[in-house]
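Worksheet for the structure shown next.
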Amino acid sequence: MDAKMQAKINGFMEEVKTRNGHEPEFIQAVQEVAETVIPYIARKNIYSGKNILLRMVEPERLLSFRVSWVDDKGDIHVNRGYRVQMNSAIGPYKGGLRFHPSVNASILKFLAFEQVFKNSLTTLPMGGGKGGSDFDPKGKSDDEVMRFCHAFMTELSRHIGPNTDIPAGDIGVGSREIGFLFGMYKKIRNEFTGVLTGKGRSWGGSLIRPEATGYGTVYFAQSMLETKGDSFEDKTVAISGSGNVAQYAAEKVLQLGGKVVTLSDSGGYIYDSEGIDRKKLAYVIDLKNNKRGRISEYAKKYKTGKFVSGKTPWEVKCDIALPCATQNELDGKNAKVLLKNKCICVAEGANMPSTPAAMHEFQKAKILFAPGKASNAGGVATSGLEMSQNSLRISWTREEVDEKLKWIMSEIHDSCIKYGKEKGGYTDYVKGANIAGFVKVADAMLAQGVI
Ligand code: NDP
Ligand code: 2IT
């Protein structure tokens with residue numbers, strides 16, 4: 001990149017940092033986009049001089065509210081709730097809710113910003129948003145989680161709606177929480193609408209939505225491997241996380257003939273040299289979703305499993321890595337170890353799991369590397385399909401939804417190739433995803449004028 005372009009990017013980032021200096025995750029997400037999109041804007045007359053990216057980094061609306069609730073002992077707690085309504089140029093705000101003690105405005109703004117590009121890539125008409133709370137569901141009873149969700153929705157319900165903003169799950173928000181949230185919305189508004197996605201099957205949910213993010217990530221990785229005439233067959237796969245995304249990524253890898261050797265949680269990772277087969281995966285799903293246990297228990301149940309405390313799985317030899325836990329869980333050092341161990345493909349199931357240093361290592365080595373906004377878009381895409389089914393008041397079969405999901409993931413892959421293929425044949429999927437995501441939103445913003 002020439003010095004003039006670098007200066008332009010630096011100038012833009014200085015402005016972003018002045019306004020958001022105390023938000024490191026948000027700045028990290030914007031920097032990655034700026035590095036690829038600003039040079040593109042400079043080549044395209046229609047976007048030049050319109051300050052589109054500067055408009056895109058400012059949320060249309062950022063809501064923060066008090067959530068007071070009472071625990072089982074009768075003690076009163078106060079948490080902070082948020083909704084970041086980032087961009088509605090191409091559709092109503094859409095994106096998950098995260099309940100985790102680390103949640104703050106920086107994390108939700110980074111996630112909402114990523115969501116705008118991701119949703120644009122899905123081919124569906126969805127704007128971007130994200131929300132959540134610093135509430136920690138770990139160790140809480142079902143009743144406590146219910147009371148918290150009800151209190152949270154009492155305020156959030158004023159700001160969302162099936163044509164305005166449609167939240168869904170993310171870390172700490174699964175089918176149990178969506179049920180409690182939906183129940184309170186329905187009571188307050190006295191209407192049964194598709195205001196949330198990830199709903200239960202019998203009350204408006206879509207088949208395949210629980211599986212969609214994990215399956216979609218693997219479909220995307222499969223498309224990348226196909227460009228090299230390769231596949232998942234007999235590949236050793238390291239997966240991080242053991243929640244929704246990790247579970248279904250593992251299931252799809254097994255279906256495609258790969259061997260899953262790791263899963264993790266915030267306590268550490270488990271390594272099973274024999275592979276985590278269907279039966280062992282069913283144990284993990286029950287452990288995590290029903291018993292709400294820790295992944296370390298796997299090593300007690302299976303002799304082939306070893307628990308490594310306080311570490312991430314990236315030191316294990318693998319052909320393919322699927323980070324499916326959280327942001328910045330794979331750093332530059334981890335990336336170097338993966339490359340030394342001949343890893344050929346990394347597809348992000350989580351949002352921004354690779355640090356900038358890790359991403360640069362993968363790009364320098366020219367391995368297949370998919371950023372989350374492309375490879376994990378299957379979740380929100382299937383949320384979009386749930387919205388369509390709700391509006392039509394019908395439900396599609398498992399096969400129909402899975403076919404649509406596969407088609408969307410392959411469209412996203414094509415878009416990345418279109419904007420990311422470089423001379424010499426290497427595809428920079430980061431550049432491809434950022435530019436393809438940007439173009440659709442920018443064109444809509446241009447058409448709608450300065451608002
Ligand atoms: P879950 O809550 O179901 O699972 C999260 C998993 O990640 C758990 O195993 C959790 O371990 C682990 N984890 C969370 N925080 C940390 C941390 N700080 N360090 C190490 N491990 C951690 O969430 P999901 O599976 O839904 O989400 C995982 C990732 O995928 C997130 O980045 C999310 O934004 C992204 N994503 C999710 C989508 C969805 O549809 N659900 C769609 C697209 C992206 P522990 O139990 O110890 O906290
Ligand atoms: O990060 C994400 O894309 C999600 N958590 C899913 C959002 C959604 O609206 O389904």
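Remember, it's 1-based here, ligands and their atoms both numbered in the order they're listed. If you're wondering where the values come from, they're calculated on a predicted model, not measured in any experiment.
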Under a plain distance cut-off of 3.5 Å, with no hydrogens placed, do [Y] and [X] share a side-chain donor-acceptor pair?
X    : Y    : answer
N376 : N351 : yes
K431 : Y40  : no
S106 : E25  : yes
E329 : S240 : yes
K199 : N390 : yes
E60  : S88  : yes
Y429 : E348 : no
D136 : H100 : no

Are any of the heavy atoms in [X] under 4.0 Å away from ligand 1?
X    : result
M352 : no
G174 : no
K138 : yes
S264 : yes
A246 : no
Q247 : no

Report yes if some N/O of G169 lies less than 3.5 Å from some N/O of ligand 2; otherwise report no.
yes
Hey, does K130 come in under 3.5 Å of ligand 2, counting only N/O atoms on both sides?
yes
Specify the protein heavy atom at minimum distance from [atom]: its residue, its atom name, and the distance to 0.1 Å.
atom                    : result
atom 37 (C) of ligand 1 : V245 CG2, 3.5 Å
atom 7 (C) of ligand 2  : G96 N, 3.5 Å
atom 40 (O) of ligand 1 : T213 OG1, 2.8 Å
atom 13 (N) of ligand 1 : A325 CB, 4.2 Å
atom 16 (C) of ligand 1 : T326 CG2, 3.6 Å
atom 10 (O) of ligand 2 : S383 OG, 2.6 Å
atom 47 (O) of ligand 1 : S266 OG, 2.4 Å
atom 4 (O) of ligand 1  : G243 CA, 3.3 Å
atom 3 (O) of ligand 2  : K118 NZ, 2.7 Å
atom 9 (O) of ligand 2  : K94 NZ, 2.6 Å
atom 23 (O) of ligand 1 : I171 CA, 3.5 Å
atom 2 (O) of ligand 1  : G172 N, 3.0 Å

Check T382 against ligand 2 and report side chain, backbone, both or neither, counting heavy atoms closer than 4.0 Å.
neither
Quick one: do [X] and [Y] make a salt bridge, cutoff under 4.0 Å?
X    : Y    : result
R83  : E155 : no
D165 : K94  : no
D277 : K259 : no
R19  : E58  : yes

Note: ligand 1 atoms sitting under 4.0 Å from heavy atoms of C324 are 28 (C), 29 (C)
Of the listed options V173, L196, D170, I171, closest to atom 5 (N) of ligand 2 (non-hydrogen atoms)
D170
As a check for students: among V173, V380, N244, identify the option with a heavy atom nearest to atom 41 (N) of ligand 1.
N244
For G378 and L405, which heavy atoms make the closest approach, and how far apart are they?
CA-CD1, 3.5 Å
ring-ring contact (aromatic ring centres under 6.0 Å, His included) with Y302: of Y283, Y271, F307, only one passes, and it is Y283
What is the ring orientation for F99 with F152, classed by angle as parallel under 30°, tilted 30 to 60°, or perpendicular over 60°?
perpendicular
Would R209 count as a contact of ligand 2 if the rule is a heavy atom under 4.0 Å away?
yes
For ligand 1, indicate whether the residue Q327 contacts it via side chain, backbone, both or neither (heavy-atom separation under 4.0 Å).
neither
